[in-house]
K.L.:
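Once you've had a glance at the structure underneath, I'll fire off some questions.
Remember, predicted model here, so these are calculated numbers, not experimental data.
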Amino acid sequence: MHGEYKAPGGKLVVVDLDVEDGVLRDVRVAGDFFLEPDEAILAINGALEGAPSSTDATGLAARITAALPESTVMFGLTAEGIGIAVRRALAHATEWSDYDWQLVHVGPQAPALHMALDEVLTAEVAAGRRAPTLRVWEWASPAVVIGSFQSLRNEVDPAGAAKHGMTVVRRVSGGGAMFVEPMSTITYSLSVPESLVSGLSFADSYAYLDDWVLGALGDMGIKAWYQPLNDIATEAGKIAGAAQKRVVGPDGGPGAVLHHVTMSYDIDADKMLEVLRIGREKMSDKGTRSAKKRVDPLRRQTGLAREQVIENMIASFRNRYGLTEGHLTEDELARAKELVESKFGTREWTSRVP
């Protein structure tokens with residue numbers, strides 16, 4: 001069995017192992033990390049040898065920590081990261097490079113259609129009819145997108161939304177509200193097989209699926225990091241938020257994961273505070289300046305046009321994992337439009353948590 005894990009900002013950890021009579025055998029840990037003294041790698045392998053295969057990542061990390069020489073120094077490596085790599089080996093997890101990734105980047109779409117496309121494309125990946133997909137969104141109109149479990153009346157000021165022509169829609173994933181203006185927002189979705197995050201905790205899967213965009217931002221001169229549970233931040237402030245939804249496969253089999261991220265390219269904090277009630281509450285004692293500081297846009301940090309930022313992100317993904325130009329099929333688009341009519345465009349869905 002073979003498992004790999006690269007923590008954000010860390011180095012790659014590779015584990016090869018067998019399982020005999022419910023315990024780990026012939027464990028071999030490797031990677032491009034730095035470790036002193038040399039014999040520490042033997043201690044790590046020895047700590048894992050004979051461990052019950054049911055041991056979780058935390059338990060495996062505890063075994064490793066207890067076995068390490070007192071003088072051990074790790075660079076780009078943690079005991080927990082090794083434990084995760086072991087769990088991924090046992091779960092037969094796949095890697096990014098195992099797939100032929102497809103890019104879908106089409107013209108502007110209505111907010112409700114974006115919600116529907118996320119559901120349709122992820123279901124297609126779960127069913128094995130679509131390759132793992134990176135979809136970059138273009139917005140046809142301004143919107144507020146609330147999380148699946150948020151209260152509509154608590155999040156959105158209807159007068160403010162009407163004043164600024166904001167469509168309010170509800171997505172299938174949890175998390176907080178998104179304030180969207182077409183030329184001020186960069187949004188993308190990853191629809192991936194569940195096996196890509198096998199062996200990872202829910203929190204670790206966020207970091208794992210965000211790692212590529214941290215590299216893309218780094219290539220543009222932005223030092224960014226994953227901030228649990230679902231933010232991407234820099235020293236200047238938050239620049240993005242992520243959300244996920246797990247989709248069960250056909251007949252209850254292995255499914256897929258929807259991971260989508262909204263990034264602030266620019267922001268009109270005054271307008272945002274007129275539309276979002278929770279945003280207003282959070283900033284009520286700090287003023288608009290604090291709102292502007294809390295979310296620090298990519299426009300200011302990069303000096304690049306929005307289109308160039310998107311192009312650079314796509315190029316970074318392609319250089320890492322490969323990426324083929326794709327499209328929406330007629331059937332996918334038709335099903336998404338049906339979902340707009342029956343679900344995402346209806347008052348019943350948008351106000352399901354009043």
Side-chain angles (χ1 to χ4, degrees), residues 1-99 190 192-212 214-215 225-230 242 244 246 253-257 259 320-321:
M1 299 177 185
H2 177 89
E4 299 183 5
Y5 179 66
K6 179 182 179 297
K11 297 292 186 178
L12 180 67
V13 181
V14 180
V15 176
D16 292 285
L17 56 85
D18 294 320
V19 174
E20 295 178 7
D21 299 323
V23 299
L24 308 186
R25 296 297 184 198
D26 297 324
V27 182
R28 301 170 300 283
V29 176
D32 59 356
F33 49 80
F34 300 92
L35 179 66
E36 295 289 349
D38 284 352
E39 55 266 27
I41 192 68
L42 301 178
I44 291 171
N45 290 342
L48 295 172
E49 189 74 21
S53 59
S54 59
T55 309
D56 63 16
T58 301
L60 294 169
R63 290 176 68 106
I64 293 167
T65 301
L68 287 172
E70 195 170 315
S71 59
T72 298
V73 179
M74 295 178 172
F75 296 97
L77 175 70
T78 65
E80 185 176 34
I82 298 169
I84 291 172
V86 170
R87 295 308 312 170
R88 286 178 59 76
L90 293 169
H92 301 284
T94 54
E95 304 301 326
W96 294 85
S97 58
D98 291 334
Y99 301 104
L190 287 169
V192 306
E194 186 180 35
S195 58
L196 185 63
V197 296
S198 290
L200 298 178
S201 68
F202 192 73
D204 287 332
S205 71
Y206 272 84
Y208 187 69
L209 295 176
D210 280 338
D211 189 52
W212 74 274
L214 301 184
W225 59 86
Y226 163 72
Q227 185 169 291
L229 170 67
N230 62 335
Q244 284 188 9
R246 306 297 170 105
V257 177
H259 179 92
R320 280 175 171 239
Y321 309 123

K.L.:
Side chains of Tyr321 and Ser97: is there a donor and an acceptor less than 3.5 Å apart?
P.N.:
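Absent: no donor and acceptor within the cut-off.
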K.L.:
Name every donor-acceptor pair, under 3.5 Å, that has one atom in a side chain of residues 42-52 and the other anywhere in the protein, sequence neighbours excluded.
P.N.:
{"from": "Asn45", "atom 1": "OD1", "to": "Val29", "atom 2": "N", "distance (Å)": "3.0"}
{"from": "Glu49", "atom 1": "OE1", "to": "Asp26", "atom 2": "N", "distance (Å)": "3.0"}
{"from": "Glu49", "atom 1": "OE1", "to": "Val27", "atom 2": "N", "distance (Å)": "3.2"}
{"from": "Glu49", "atom 1": "OE2", "to": "Asp26", "atom 2": "N", "distance (Å)": "3.0"}

K.L.:
Go through the steps to decide whether Ser53 and Leu24 satisfy the test side-chain contact (heavy atoms from CB on, under 4.5 Å), and finish with yes or no.
P.N.:
CA-CA 6 Å; Ser53 59; Leu24 308 186; 4.1 Å; yes
K.L.:
Nearest 0.5 angstrom please: Met74 CE to Thr65 OG1, how far?
P.N.:
6.5 Å
K.L.:
Strictly distance-based, threshold 3.5 Å: is any side-chain N or O of Asp210 a donor or acceptor partner for the main-chain N or O of Ala207?
P.N.:
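It does not hold such a pair.
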K.L.:
Looking only at heavy atoms, which two atoms of Ala203 and Tyr226 are closest? And how far apart?
P.N.:
O-OH, 3.2 Å
K.L.:
List the steps and the verdict of side-chain contact (heavy atoms from CB on, under 4.5 Å) for Val73 and Leu35.
P.N.:
CA-CA 6 Å; Val73 179; Leu35 179 66; over 6 Å; no
K.L.:
Where is the tightest heavy-atom contact between Gly199 and Ala91, given as atom of each residue plus distance?
P.N.:
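In terms of heavy atoms, the two residues are closest at N-CB, 4.0 Å.
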K.L.:
Pair Thr72, Glu36 - check side-chain contact (heavy atoms from CB on, under 4.5 Å), show working.
P.N.:
CA-CA 5 Å; Thr72 298; Glu36 295 289 349; over 6 Å; no
K.L.:
Could you grab the distance from atom CG of Leu77 to atom CZ of Phe34, nearest 0.5 Å is fine?
P.N.:
11.0 Å
K.L.:
Give a yes or no answer on whether the side chain of Ser205 reaches the backbone of Val197 with a donor-acceptor pair at less than 3.5 Å.
P.N.:
no
K.L.:
For Thr78 and Gly81, indicate whether the former's side chain and the latter's backbone hold a donor-acceptor pair under 3.5 Å.
P.N.:
yes
K.L.:
Of all the heavy-atom pairs spanning Phe33 and Gly76, show the shortest one and how long it is.
P.N.:
CB-O, 4.1 Å
K.L.:
Looking at every non-hydrogen atom in both residues, tell me the closest pair between Leu200 and Tyr5 and how far apart they are.
P.N.:
CD2-CE1, 3.6 Å
K.L.:
Is there a side-chain contact between Pro37 and Ser71 in this structure, where contact means two heavy atoms from C-beta onward sitting under 4.5 Å apart?
P.N.:
yes
K.L.:
Counting N and O atoms only, with roles assigned by atom type, does the side chain of Glu194 sit under 3.5 Å from a partner on the main chain of Gly255, one being a donor and the other an acceptor?
P.N.:
yes
K.L.:
Would you indicate whether the side-chain heavy atoms of Met1 and Val19 approach each other to under 4.5 Å?
P.N.:
yes
K.L.:
Quick one: does NZ or CZ of Arg88 land under 6.0 Å from the six-membered ring centre of Tyr208, within 45 degrees of the ring axis?
P.N.:
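Pair Arg88/Tyr208 counts as cation-pi.
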K.L.:
Of Asn230, Leu209, Leu229, which is the lone residue that meets side-chain contact (heavy atoms from CB on, under 4.5 Å) with Gln244?
P.N.:
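Result for side-chain contact (heavy atoms from CB on, under 4.5 Å) with Gln244: Leu209.
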K.L.:
Looking just at side-chain N and O atoms, do Ser201 and Tyr206 make a donor-acceptor pair shorter than 3.5 Å?
P.N.:
no
K.L.:
State the CD-CG distance between Glu39 and Leu68, to the nearest 0.5 angstrom.
P.N.:
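Result: 11.0 Å between the selected atoms.
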K.L.:
Which atom pairs, donor and acceptor, lie under 3.5 Å between side-chain atoms of residues 8-18 and protein residues at least two apart or in another chain?
P.N.:
{"from": "Asp16", "atom 1": "OD1", "to": "His2", "atom 2": "ND1", "distance (Å)": "2.7"}

K.L.:
Any ion pair linking Asp211 and Arg320 (charged N to carboxylate O, less than 4.0 Å)?
P.N.:
yes
